[in-house]
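One structure is given here, and the rest of the page talks about it.
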Number of protein chains: 2
Amino acid sequence: MSRNANFIDKLREARLRPTKQRVKICELLFNREKTFHFTINDLVKKISEDLNEKISLATVYNTVHAFVKKGYLKEIAINSDKSYFDTNTSTHHHFYDEDTHELIDCEQNNIDSINIKNNITGKKINSVEVLIKVASDNQNHN
Amino acid sequence: MSRNANFIDKLREARLRPTKQRVKICELLFNREKTFHFTINDLVKKISEDLNEKISLATVYNTVHAFVKKGYLKEIAINSDKSYFDTNTSTHHHFYDEDTHELIDCEQNNIDSINIKNNITGKKINSVEVLIKVASDNQNHN
DNA sequence: ATTATACATTATAATTATTCTAAACTATTG
DNA sequence: CAATAGTTTAGAATAATTATAATGTATAAT
């Protein structure tokens with residue numbers, strides 16, 4: 001119960017009503033050590049498997065988007081037909097496994113700091129992120 | 001006609017039959033000085049406006065994908081709701097203007113070469129691309 | 001040239017991801 | 001504990017993309 005209380009506070013701080021669906025999703029997403037990368041579909045599956053509950057698809061979309069807006073989740077752009085989300089909201093890089101369609105964090109210190117020599121005039125840089133696409137070594141790419 | 005002949009050769013080299021639809025799309029995409037960033041929808045619109053012709057949507061998808069496969073176009077990851085394509089197929093990076101939602105090429109020599117210290121074991125790196133998100137200096141980000 | 005064949009194009013249907021809608025529900029406030 | 005403002009829900013709607021199957025066309029073999 002104390003863990004849930006934390007999530008309730010977390011939601012309240014972001015002026016999100018701690019509904020039971022939101023708290024459940026928080027439990028799934030934030031009660032973990034390692035970063036979690038997921039699509040909406042992954043999350044829906046996880047809800048029905050791990051929690052043995054049903055949260056409507058529309059609610060999952062709404063909740064995830066609300067969390068992105070409040071900075072609890074980060075959306076990641078991959079060349080794909082789906083949106084990926086990340087529980088690691090810090091600026092960091094990614095490996096994308098083209099075989100398994102899996103996203104893996106690439107810690108910032110795994111790449112030397114990136115220096116952009118010429119920026120667009122009049123604009124400030126908000127983020128610099130690297131996407132490294134990898135595939136099995138013996139893959140046949142024609 | 002000599003320009004079209006070039007495209008016919010270009011297509012033949014890639015073992016793509018130079019059908020009239022493919023040649024038309026080549027004309028639109030590759031008869032230009034500057035890099036062209038587009039979505040399928042942009043291209044379909046351009047075909048009907050610029051050429052006053054109709055190429056079926058399925059053909060536009062097939063053709064663009066064939067061009068990506070043969071290295072005439074490059075797919076870029078920005079938004080996950082649509083696929084963006086780029087006539088600049090060289091390894092290069094992108095600025096994404098968060099105010100205007102515009103994509104701007106960032107040439108490779110604008111960033112020092114990126115060294116990934118530890119790669120995923122058993123995988124080979126297919127591409128390394130940087131996305132630099134920029135916004136107006138006096139923008140209000142909440 | 002003509003024909004046969006393999007590949008392309010097309011309209012349309014199907015699929016997939018996501019958003020919208022409007023009614024029922026629930027957390028908060030008074 | 002009622003009022004109300006925000007939330008959830010199922011299902012419909014929309015948007016992007018892919019599949020299908022019939023028709024058309026470029027190429028290679030006659």
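Letters A, B, ... are given to chains in the order of the sequence lines, protein chains preceding strands, and every chain is numbered from 1.
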Where each residue is assigned the nucleotide of DNA chain C containing its nearest heavy atom, which of A:Pro18 and B:Ala58 is assigned the position nearer the 5′ end? B:Ala58
Pair B:His37, B:Asp42: side-chain N/O donor-acceptor within cut-off below 3.5 Å: no
If you look at every strand shown and take non-hydrogen atoms under 4.0 Å, does A:Thr19 touch a base, only sugar-phosphate, or nothing? sugar-phosphate
Specify the separation, in whole Å, of atom CD of B:Glu53 and atom C1' of C:dT9. 14 Å
B:Arg22 CZ - D:dT27 P separation (whole Å): 10 Å
How many Å lie between NZ on A:Lys24 and P on D:dT8, as a whole number? 14 Å
Would you say B:Gln21 places a side-chain N or O within less than 4.0 Å of OP1 or OP2 belonging to D:dG24? no
Once you round it to whole Å, what is the distance between P of C:dT16 and NZ of A:Lys82? 10 Å
Using atom NZ of A:Lys20 as one end and atom C1' of D:dT7 as the other, report the distance to the nearest whole Å. 11 Å
Axial cation check for B:Phe95 ring with A:Lys123, 6.0 Å and 45° limits: no
Closest to the B:Asn62 side chain: C:dT10, D:dT8, D:dG11? C:dT10
Assert: residue with more 5' nearest nucleotide on DNA chain D, out of B:Leu16 and B:Asn41, is B:Asn41
Expressed in angstrom and rounded to an integer, what is the separation of A:Arg15 atom CZ from D:dA5 atom C1'? 15 Å
N-O pairing of B:Lys133 and B:Asp97 below 4.0 Å: no
Expressed in angstrom and rounded to an integer, what is the separation of B:Leu11 atom CG from C:dT9 atom P? 10 Å
Side-chain contact check for A:Tyr61: nearest option of D:dA26, C:dT18, D:dT8 is C:dT18
Is a donor from one side chain sitting under 3.5 angstrom from an acceptor on the other, for A:His93 and A:Asn110? no
Counting heavy atoms from C-beta on, name the nucleotide in D:dT9, C:dT26, D:dT17 closest to the side chain of B:Leu57. D:dT17
Can you see if the side chain of B:Arg12 gets near the phosphate of D:dT27 - specifically, an N or O under 4.0 Å from OP1 or OP2? yes
Under 4.0 Å between a side-chain N/O of B:Lys54 and OP1 or OP2 of C:dA11, yes or no? yes
Side chain of B:Arg17: nearest nucleotide among C:dA6, C:dT28, C:dT10? C:dA6
Assess, by modelled atom type and distance only, whether the side chains of B:Asn126 and B:Lys124 contain a donor and an acceptor separated by less than 3.5 Å. yes
Residue-phosphate contact under 4.0 Å: A:His65 side-chain N/O, C:dT18 OP1/OP2: no
Nearest-nucleotide pick for B:Ile40, side chain only, options being C:dT18, D:dT17, C:dA11: D:dT17
Can a donor-acceptor pair be found between the side chains of B:Asn62 and B:Thr59 at a distance below 3.5 Å? no
Using only side-chain N and O atoms of A:Ser83, determine if any of them is under 4.0 Å from OP1 or OP2 of C:dT18. yes
What integer distance in Å separates B:Asp42:CG from D:dT17:C1'? 16 Å
